[in-house]
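In what follows, chains carry the letters A, B, and so on, assigned in the order in which the sequence lines appear, proteins first and then strands, with residues in each chain numbered from 1. Computed from a prediction, not measured in an experiment: that's the story for all the values here.
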Amino acid sequence: MEESELTRTRKEKISALRAAGIDPYPNGVRVDNTSAELRARFGALDNEALGGIKDTFSLAGRLMAVRNFGKASFISIQDRKGRLQGFIQKKTLPEADYDLFRRLDVGDIIYIAGRIFKTKTGELTIEAGRLRLLAKALRPLPEKWHGLTDVETRYRRRHLDLIMNPDVRETFHRRSRIIKLIRDFMDSRDFLEVETPMMQPRAGGAAAKPFKTFHNTLGMDLYLRIAPELYLKRLVTGGLERVYEINRNFRNEGISTFHNPEFTMMEFYLAYATYEDLMQFTEELFLFLAENLFGGPRFVYQGTEIDLTPPWRRTTVREAVERHLGIAPGTLDDRGRLLALAADMGLEPQENTAAGRILMTIFEEKVEKELIQPTFVTQYPVEVSPLSRRNPRNPDFTDRFELYVHGREIANAFSELNDPEDQRERFLMQLREREAGDEEAHVMDEDYVQTLESAMPPTAGEGIGIDRLVMLLTNSASIRDVILFPQLRIRDEL
RNA sequence: GGGACGUUAGCUCAGGCGGUAGAGCAGCGGACUUUUAAUCCGUUGGUCGCGGGUUCGAUUCCCGCACGUCCCA
């Protein structure tokens with residue numbers, strides 16, 4: 001893009017500053033305070049009390065506003081904690097500093113130091129006795145009243161979004177806090193945080209298409225991981241017993257308000273536990289987060305109150321579908337009835353499609369979006385659960401649950417399959433699906449089967465989608481609002 | 001992949017049934033010592049997303065494309 005008149009003017013200002021012996025990008029300045037510290041210390045004092053304080057305080061940040069009254073000006077400085085007002089007077093500043101002030105633009109990074117007082121409107125203010133330019137901005141800030149609202153620009157120029165929109169800063173502060181709280185919770189349960197490969201020779205642990213890359217020296221294909229699952233279970237087999245990882249997964253799939261190609265997942269594995277233990281564990285974790293964030297189990301997401309008070313509803317996939325369709329319990333166990341139901345819905349399953357897959361299609365199409373309050377959906381078909389332990393009473397289904405809140409899957413967990421021979425059979429079943437054209441069927445992983453042959457303790461494991469959880473807890477409608485740099489198509493122009 | 005909507009100044013937005021466009025903020029010049037969207041006077045700034053078609057003439061109409069948002073698959 002052609003250089004704007006505004007930028008050209010600013011470059012001329014920089015030249016003029018340099019000609020006057022002023023470095024527009026100096027370094028080494030120390031700042032003693034943040035806006036919030038000063039506000040906390042002095043915000044409650046009146047001018048009489050403040051007048052007794054002879055110390056000077058310094059503040060650095062972005063110049064967000066200038067209100068000029070001839071020989072006096074009010075400025076607004078924004079740092080990481082908020083904003084504080086500065087008062088600039090010709091008579092209290094060194095002449096060189098005042099000259100510099102006249103050359104500043106909104107958007108510049110500056111430093112001021114001086115005594116603190118309150119204006120007659122009661123606003124806490126630093127009366128500048130010194131002023132420095134720390135970094136000159138060449139581009140103007142977005143409009144001061146409406147800010148930056150264009151969604152595309154907000155994502156592509158996140159720095160402007162963060163400068164202009166306090167809500168956005170708050171969301172990402174909260175995201176960080178949530179992840180810290182999760183770590184606190186996991187630590188309190190004696191878990192070990194680990195890191196496992198993001199680049200894997202086989203992309204296993206989930207049903208998804210991977211991104212592929214190539215290692216030049218090793219001369220081998222590698223895949224960005226779609227899940228850390230198989231590595232974490234190797235660690236459990238190795239005796240670590242309680243492990244978790246909070247890290248990115250990569251799935252080569254569509255992008256939507258709930259999907260980003262790279263997303264953050266916490267996976268954890270707990271030896272000597274079952275999926276039923278994890279339901280309680282999940283309730284406790286979410287409640288811990290809500291207590292810390294909201295002071296209780298209830299919060300509002302997109303206009304709907306969500307109540308995390310345990311115990312949460314539990315239902316099997318089949319019960320959920322039967323109740324939703326208003327059909328008699330057990331109906332879905334009959335393959336003919338199942339096919340007919342699917343056909344009625346226009347789902348067109350193939351004659352040879354596994355019953356479990358048809359059931360899941362109906363569930364995903366019709367039931368998922370109805371699960372508003374937190375709900376554990378259990379007993380997933382074995383066909384779609386190649387790493388889960390079979391239910392002892394009904395081996396066509398697995399001891400697995402997914403957690404749904406506000407119609408979206410937030411977590412997925414199961415009692416882990418630790419029988420190496422069953423695991424090999426499951427992989428072979430997946431291999432047949434893959435050969436039949438299912439690109440998301442699990443790959444064969446002999447190395448993992450060999451791990452299980454060394455005996456993995458009975459274990460339960462769970463994955464929690466951190467971005468989706470943060471969406472819920474920050475009332476964000478789109479996953480792009482909780483990921484700092486969401487994936488967008490590249491644009492040629494700047 | 002399909003549908004709807006959007007793309008006009010740095011930002012937020014108007015507008016034009018076809019004759020190359022306006023406002024506010026920002027910028028620039030000026031006034032102003034308690035404002036906080038400061039105010040007042042003056043003023044600069046545009047390949048109207050990109051490409052093609054129709055036309056004497058397209059930013060406007062038509063087609064295609066790009067990018068984005070939302071919805072559906």
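Using atom C1' as the reference point in both B/rG22 and B/rG46, the two lie 11 Å apart (nearest Å). Spacing between B/rG6 and B/rA14 at atom P, rounded to whole Å, works out to 10 Å. Nucleotides B/rC28 and B/rU60 are separated by 34 Å at their P atoms, to the nearest Å. Here the separation of B/rA4 from B/rG29, taken at their C1' atoms, is 48 Å to the nearest Å. A distance of about 26 Å separates the P atoms of B/rC11 and B/rG19, rounded to the whole Å.
Under the 6.0 Å cut-off for aromatic ring centres, A/Phe376 and A/Tyr275 do not qualify, their centroids lying 6.0 Å or more apart.
Note on ring orientation: taking the six-membered ring where Trp is involved, the planes of A/Trp312 and A/Phe286 are perpendicular (angle over 60°, cut-offs 30° and 60°). In this pair, A/Phe299 and A/Phe294 present their aromatic rings parallel. The plane angle is below 30°, not in the 30 to 60° band.
A/Gly147 comes within 4.0 angstrom of sugar-phosphate atoms only, judged by non-hydrogen atoms across all strands, and of no base. Nucleic acid contact for A/Arg139: none, since no nucleic acid atom lies under 4.0 Å from a heavy atom of the residue. Among the heavy atoms of the strands, none lies under 4.0 Å from A/Leu160.
With a 6.0 Å cutoff to the six-membered ring centre and a 45° limit on the axis angle, A/Arg408 counts as a cation-pi contact of A/Phe258. Both cation-pi conditions hold for A/Arg318 and A/Phe397: the charged atom is under 6.0 angstrom from the six-membered ring centre and inside a 45 degree cone around its axis.
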Distances under 3.5 Å between protein N/O atoms and the N/O atoms of nucleotides 38-41 of chain B, please, pair by pair.
residue: B/rA38; atom: OP1; partner: A/Lys144; partner atom: NZ; Å: 2.4
residue: B/rA38; atom: N6; partner: A/Asn68; partner atom: O; Å: 2.7

Every protein N/O lying under 3.5 Å from an N/O of nucleotides 70-73 of chain B:
residue: B/rC70; atom: OP2; partner: A/Arg480; partner atom: NH1; Å: 3.0

Between protein and nucleic acid, restricted to nucleotides 27-29 of chain B and to nitrogen or oxygen atoms under 3.5 Å apart, what atom pairs and distances do you find?
residue: B/rC28; atom: OP1; partner: A/Lys13; partner atom: NZ; Å: 2.5

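Shown here, B/rC28 forms a base pair with B/rG42; the pair counts as Watson-Crick or G-U wobble because both key distances fall under 3.5 Å.
Proximity note for A/Ala72 (side chain, C-beta onward) versus B/rU33, B/rG68, B/rU35: the nearest is B/rU33. Here B/rC67 is the nucleotide among B/rA37, B/rC13, B/rC67 with the atom lying nearest to any side-chain atom of A/Arg156. Taking the side chain of A/Glu143 as heavy atoms from C-beta on, and the options B/rU12, B/rC67, B/rU35, the nearest nucleotide is B/rU12.
In this model, a side-chain donor or acceptor of A/Thr119 finds a partner on the base of B/rU35 within 3.5 Å. Side-chain atoms of A/Gln85 come within donor-acceptor range of the base of B/rU35, with a qualifying N/O pair under 3.5 Å.
With respect to A/Arg357, the salt bridge (charged side-chain N to carboxylate O under 4.0 Å, His left out) criterion is satisfied by exactly one of A/Glu440, A/Glu433, A/Glu383: A/Glu433.
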Q | Candidate pair A/His259 and A/Ser256, rule side chain to side chain donor-acceptor pair (under 3.5 Å), full reasoning | A | CA-CA 5 Å; A/His259 299 83; A/Ser256 78; 2.8 Å; yes

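A salt bridge links A/Lys212 to A/Asp221: at least one charged side-chain nitrogen sits closer than 4.0 Å to a carboxylate oxygen.
When each of A/Phe117 and A/His146 is assigned the nucleotide of RNA chain B with its nearest heavy atom, A/His146 is the one assigned upstream, toward the 5' end.
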